[in-house]
Student: 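Mind having a look at this structure? Questions to follow.
From a predicted model like this one, the values you see are computed outputs, not experimental measurements. All heavy atoms count here, side chains included; hydrogens, waters and symmetry mates do not. Residue numbering restarts at 1 for every chain, and letters A, B, ... go by the order of the sequence lines.
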Amino acid sequence: MRTSQYLLSTLKETPASAEVISHQLMLRAGLVRNLASGLYTWLPTGLKVLRKVENIVREEMERANAIEVLMPMVQPADLWEESGRWEDYGPELLRLNDRHNRPFVLGPTHEEVITKLVSNELNSYKQLPLNLFQIQTKFRDEIRPRFGVMRGREFLMKDAYSFHLSDECLEATYQKMYDAYCRIFDRLGLDYRPVIADTGSIGGEASHEFHVLADSGEDDIAFSDVSDFAANIEKAEALAPTGERPAASQNQAKVATPNVKSINDVAEFLKVDATQIVKTLLVLGECADGETAPLVALVVRGDHQLNEIKAEKIAGVASPLTMATDEQVQAALSCNLGSIGPVGLELTTVVDRSAAHLADFVCGANQNDTHLTGVNWDRDCKNYQVADIRNVVEGDPSPCGAGNIVIKRGIEVGHIFQLGEKYAQAMNCGVLTEAGKHKILTMGCYGIGVSRIVAAAIEQNHDKYGIKWPSAIAPFQVAIVPMNMAKSARVKETAENLYQQLSDAGVEVLFDDRKERPGVMFADHELMGTPLLLIIGERNLDAQQVELKNRQTGEKSLINISDIADLF
RNA sequence: CGGUGAUUAGCGCAGCUUGGUAGCGCACUUGGUUUGGGUCCAAGGGGUCGCAAGUUCGAAUCUUGCAUCACCGACCA
């Protein structure tokens, strides 16, 4: 490719709307352009990268015996009604009508379509197991798209779905896909971790997420500092403190705490550590339609954060987790949010394991501007249950039993689930067994955010000059950068010959034939992250050499022109 | 949807307080200059100042409403 015949579209300045580095560099290097919130056009250079990621994913899927299909992006609403997700999915599902006013959706995922397909196509156990995948555009009407293609509304995803007669067979395929995912991220040259995950709205049992580690990531991952354990913070179990709970040594006392509301305020006012305070959060409980929801009290230590995923799984707690409003709290307790405590509370009370291990602690008195000190469980407060409802924090013992928790940020680029029969059941997807009986299939599903990987790769591979592509996904393998080609026939001839030679050899080469000064060219190629630059100048031509510059290492060396072909 | 901020040339911004000829840098075009790290000089082209209404002799500027975009929260590949 010659730059003079290409759409380079590099920018000197960073558009103000771009917050994270990958988004800034994707705009500056001419990879994408914004069309509307969460919608992006892929420019030629960006598309080359996207296709390379896509091809690696495709190759590894095929190696894992998955078979490629392509399903429609527009899907009829009745499929979604059949699975129950027409109601369950919420406003993220973009719904639209056709000219006959028939309802459709833009597919955010394809469980319905694939299950319908398999249910129609498969009749016999002999056809199983089957693993189908596609690489296709998804649409999710995100509340807040951000960070460029990292969280776009329209994005490219690889989704695979496997079908089985038995859980053992599903587990075997799940493991195969897990391994395939590791191969994919290895080949992409990314620093990633598989982590234990919550199954979320898609449902099902076992699940792993694959995260690319980056400070700009939107997820917190809990690792063990000595073992391989890694889990999404939503899922990481906070163990009960070891040993017996200390014995009560203080009497319960009521203290006036005027205008002292937050945990920090209380800690400062009473000169106690936040770890000796409990905070009591009121959420809505489960109720039948039309009834007023009861309140449920959730108690965690002052320095801990409630884990909403864990909390909403507690029996009696409404899902999704909904915090009680000021008015609801006032109505039930006649006091403010900042003064609630578990003592004398006539509500279902769930206490986190760490909070339940405290003795002589401080809590709200269920009376404005008043707290209790020297409070002890069982003595002062009897009816409660203990559960794990907090987020793990750095330094907690790892739930795997070895080492302590370290927390890092990650970008979720893949997620695999063992779905079970959820969709197969709803859509009556089954086959005849060897015994001639109809049996519902069990399913797995496996996603990779292809376009998100491009952004994640940049987050992990950049410097102040621009992108440093891992060679597997660089848009060009090498750029030819001639110095002052307009003035030197020798330079021009060498560059042209080299370009011809490399192109003929199938090397992805970008020949910078613009009439620009060297600095401009260097800046552009460094911004675009081309792994190798071949710099052709008068000064080395007498020796039949050109300069070779490595973008990753910054190393420069001289190479004989005749040896260049051996580089690729 | 709640909170914050923005919207003036392709991009980055100034002008608005105190209403009166729409500006700067980059990019772009032309000519020259320079040529191993974003040269320099000159001449140009490009804007219903997000939209609508109001106040006024006069609105980018004041008022009101709306829209869009970005950032912080819940959702997710």
Student: Between A:E59 and A:R187, is there a salt bridge with N-O shorter than 4.0 Å?
Tutor: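 Yes.
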
Student: Using the C1' atom as the point on both nucleotides, what is the distance between B:C16 and B:C62, in whole Å?
Tutor: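 The same atom, C1', in both gives a distance of 10 Å.
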
Student: Just the rounded figure in Å: distance from C1' of B:A77 to CD1 of A:I221.
Tutor: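 Rounding to the nearest Å, CD1 of A:I221 and C1' of B:A77 are 14 Å apart.
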
Student: Roughly how far apart, to the nearest Å, are B:A27 and B:G19 at atom P?
Tutor: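 That atom pair is separated by 37 Å.
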
Student: Before giving the answer on side chain to side chain donor-acceptor pair (under 3.5 Å), spell out for A:Q24 and A:T14 the whole-Å C-alpha distance, their side-chain angles and the decisive distance to 0.1 Å.
Tutor: CA-CA 6 Å; A:Q24 293 174 357; A:T14 305; 4.8 Å; no

Student: Between A:G148 and A:R151, which is nearer to the 5' end of RNA chain B once each is assigned its nearest nucleotide?
Tutor: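 Between the two, 5'-proximity favours A:G148.
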
Student: What does A:Y181 touch in the nucleic acid at a heavy-atom separation under 4.0 angstrom: a base, only the sugar-phosphate, or nothing?
Tutor: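 Answer is nothing: A:Y181 stays at 4.0 Å or more from every strand.
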
Student: Mark yes or no for a side-chain to base donor-acceptor pair under 3.5 Å between A:N540 and B:G36, with no hydrogen or angle criteria applied.
Tutor: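 Result: at least one qualifying N/O pair found.
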
Student: Over how many whole Å does the gap from A:K515 atom NZ to B:U30 atom P extend?
Tutor: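 A:K515 atom NZ is separated from B:U30 atom P by 11 Å.
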
Student: Just call it for A:M157: base, sugar-phosphate, or nothing, with non-hydrogen atoms closer than 4.0 Å on any strand.
Tutor: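 Sugar-phosphate: the residue A:M157, judged by heavy atoms under 4.0 Å, touches backbone atoms but no base.
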
Student: If you measure from the C1' atom in B:A52 to the same atom in B:A59, how many Å do you get, rounded?
Tutor: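 Pairwise C1' distance, B:A52 against B:A59, rounds to 14 Å.
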
Student: Check whether any side-chain N or O of A:S451 sits under 4.0 Å from OP1 or OP2 of B:A77, and answer yes or no.
Tutor: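 No, no such contact exists.
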
Student: For nucleotides B:U17 and B:U64, find the distance between their P atoms and express it as a whole number of Å.
Tutor: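 Roughly 15 Å separates the two P atoms.
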
Student: Is there a side-chain contact between A:R452 and A:F155 in this structure, where contact means two heavy atoms from C-beta onward sitting under 4.5 Å apart?
Tutor: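 Of all side-chain heavy-atom pairs linking A:F155 with A:R452, none is under 4.5 Å.
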
Student: Regarding A:D159, tell me which of base, sugar-phosphate or nothing describes its non-hydrogen contacts under 4.0 Å with the strands shown.
Tutor: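 Answer is nothing: A:D159 stays at 4.0 Å or more from every strand.
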
Student: Could you check whether A:G152 gets within reach of a base, just the sugar-phosphate, or nothing at all, counting any heavy atom under 4.0 Å?
Tutor: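 The answer is base, as A:G152 lies within the cut-off (heavy atoms under 4.0 Å) of a base atom.
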
Student: For A:E142, report the nucleic acid contact type (base, sugar-phosphate, nothing); a contact means any heavy atom under 4.0 Å.
Tutor: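 Base contact - A:E142 has a heavy atom under 4.0 Å of at least one base atom.
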
Student: Taking atom P in both B:G47 and B:A9, what distance in whole Å separates the two?
Tutor: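 It works out to 11 Å between them.
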
Student: Mind checking A:I143 for me? I need base, sugar-phosphate or nothing, with any heavy atom below 4.0 Å counting as a touch.
Tutor: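 Counting heavy atoms under 4.0 Å across all strands, the contact made by A:I143 includes a base.
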
Student: Separation of A:L11 atom CG from B:G25 atom C1', in whole Å?
Tutor: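 Checked: the CG to C1' distance equals 15 Å.
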
Student: Using atom NZ of A:K487 as one end and atom C1' of B:U34 as the other, report the distance to the nearest whole Å.
Tutor: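 These atoms are roughly 8 Å apart.
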
Student: Indicate, with a heavy-atom threshold strictly under 4.0 Å, whether A:G537 touches base, sugar-phosphate, or nothing.
Tutor: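 Result for A:G537 = base.
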
Student: Ring of A:F155 versus six-membered ring of B:A77: centres under 5.5 Å and planes under 30°?
Tutor: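 So A:F155 counts as stacking on the base.
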
Student: Which part of the nucleic acid, if any, lies within contact of A:E538, taking any heavy atom under 4.0 Å across all strands shown: a base, the sugar-phosphate backbone alone, or nothing?
Tutor: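 Since no nucleic acid heavy atom lies under 4.0 Å of A:E538, the category is nothing.
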
Student: For A:A16, report the nucleic acid contact type (base, sugar-phosphate, nothing); a contact means any heavy atom under 4.0 Å.
Tutor: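 If one applies the 4.0 Å heavy-atom cut-off, A:A16 turns out to touch the sugar-phosphate alone, with no base involved.
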
Student: When the aromatic ring centroids of A:F417 and A:Y174 are compared, is their separation below 6.0 Å?
Tutor: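 Between A:F417 and A:Y174, the centre distance exceeds or equals 6.0 Å.
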
Student: So A:V413, base contact, sugar-phosphate only, or nothing? Heavy-atom distance under 4.0 Å.
Tutor: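 Result for A:V413 = sugar-phosphate.
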
Student: Report the C-alpha distance between A:Y499 and A:D513 in whole Å, list the side-chain angles of each, state the deciding distance to 0.1 Å, and finish with yes or no for side chain to side chain donor-acceptor pair (under 3.5 Å).
Tutor: CA-CA 10 Å; A:Y499 174 59; A:D513 61 347; over 6 Å; no

Student: Using whole Å, what does the distance between atom C1' of nucleotide B:A77 and atom CE of A:M150 come to?
Tutor: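 These atoms are roughly 12 Å apart.
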
Student: On RNA chain B, does the nearest nucleotide to A:E13 precede the nearest nucleotide to A:K556 from the 5' side, or the other way round? Give the residue.
Tutor: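 By nearest-heavy-atom nucleotide position, the 5'-most residue is A:E13.
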
Student: Using whole Å, report how far CG of A:L27 lies from C1' of B:A27.
Tutor: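 About 16 Å, once rounded to whole Å.
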
Student: Over all strands shown, is A:P145 touching base, sugar-phosphate only, or nothing at heavy-atom distances under 4.0 angstrom?
Tutor: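 The residue A:P145 makes sugar-phosphate contact but no base contact.
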
Student: Under 4.0 Å, counting only non-hydrogen atoms across every strand here, what does A:D219 touch: a base, just sugar-phosphate, or nothing?
Tutor: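 Base contact.
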
Student: Does A:H208 have its ring centroid less than 6.0 Å away from the ring centroid of A:Y178?
Tutor: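 Yes, ring centres under 6.0 Å apart.
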
Student: Using the P atom as the point on both nucleotides, what is the distance between B:U48 and B:U8, in whole Å?
Tutor: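 Nearest-Å result for B:U8 against B:U48 at atom P: 13 Å.
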
Student: Within a reach of under 6.0 Å around CG of A:D179, are more than 12 heavy atoms found that belong to other residues, nucleotides or ligands?
Tutor: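 Atom CG in A:D179 is packed in, count exceeds 12.
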
Student: Report yes if a side-chain nitrogen or oxygen of A:R452 is closer than 4.0 Å to either non-bridging phosphate oxygen (OP1 or OP2) of B:C76; otherwise report no.
Tutor: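 For B:C76, neither OP1 nor OP2 has a side-chain N or O of A:R452 closer than 4.0 Å.
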
Student: Roughly how many Å is it from CZ in A:R146 to P in B:A74, rounded to a whole number?
Tutor: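 It works out to 8 Å between those atoms.
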
Student: Any strand counts, and the cut-off is 3.5 Å on both contacts for Watson-Crick or G-U wobble. Which nucleotide pairs with B:U48?
Tutor: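 Pairing partner: none.
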
Student: When the C1' atoms of B:C66 and B:A6 are considered, how many whole Å apart are they?
Tutor: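 About 16 Å, rounded to a whole number of Å.
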
Student: Could you tell me if the ring centre of A:Y6 sits under 6.0 Å from that of A:F476?
Tutor: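 For A:Y6 and A:F476, the ring centres are under 6.0 Å apart.
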
Student: Classify the nucleic acid contact of A:I411 as base, sugar-phosphate or nothing, counting any heavy atom under 4.0 Å across all strands shown.
Tutor: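 If one applies the 4.0 Å heavy-atom cut-off, A:I411 turns out to touch nothing in the nucleic acid.
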
Student: Could you state the atom-to-atom distance from CZ of A:F133 to C1' of B:A77 in whole Å?
Tutor: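 After rounding, the gap between these two atoms is 16 Å.
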
Student: Between B:C11 and B:C28, how far apart are the C1' atoms? Round to whole Å, please.
Tutor: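 Those two atoms are separated by 12 Å.
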
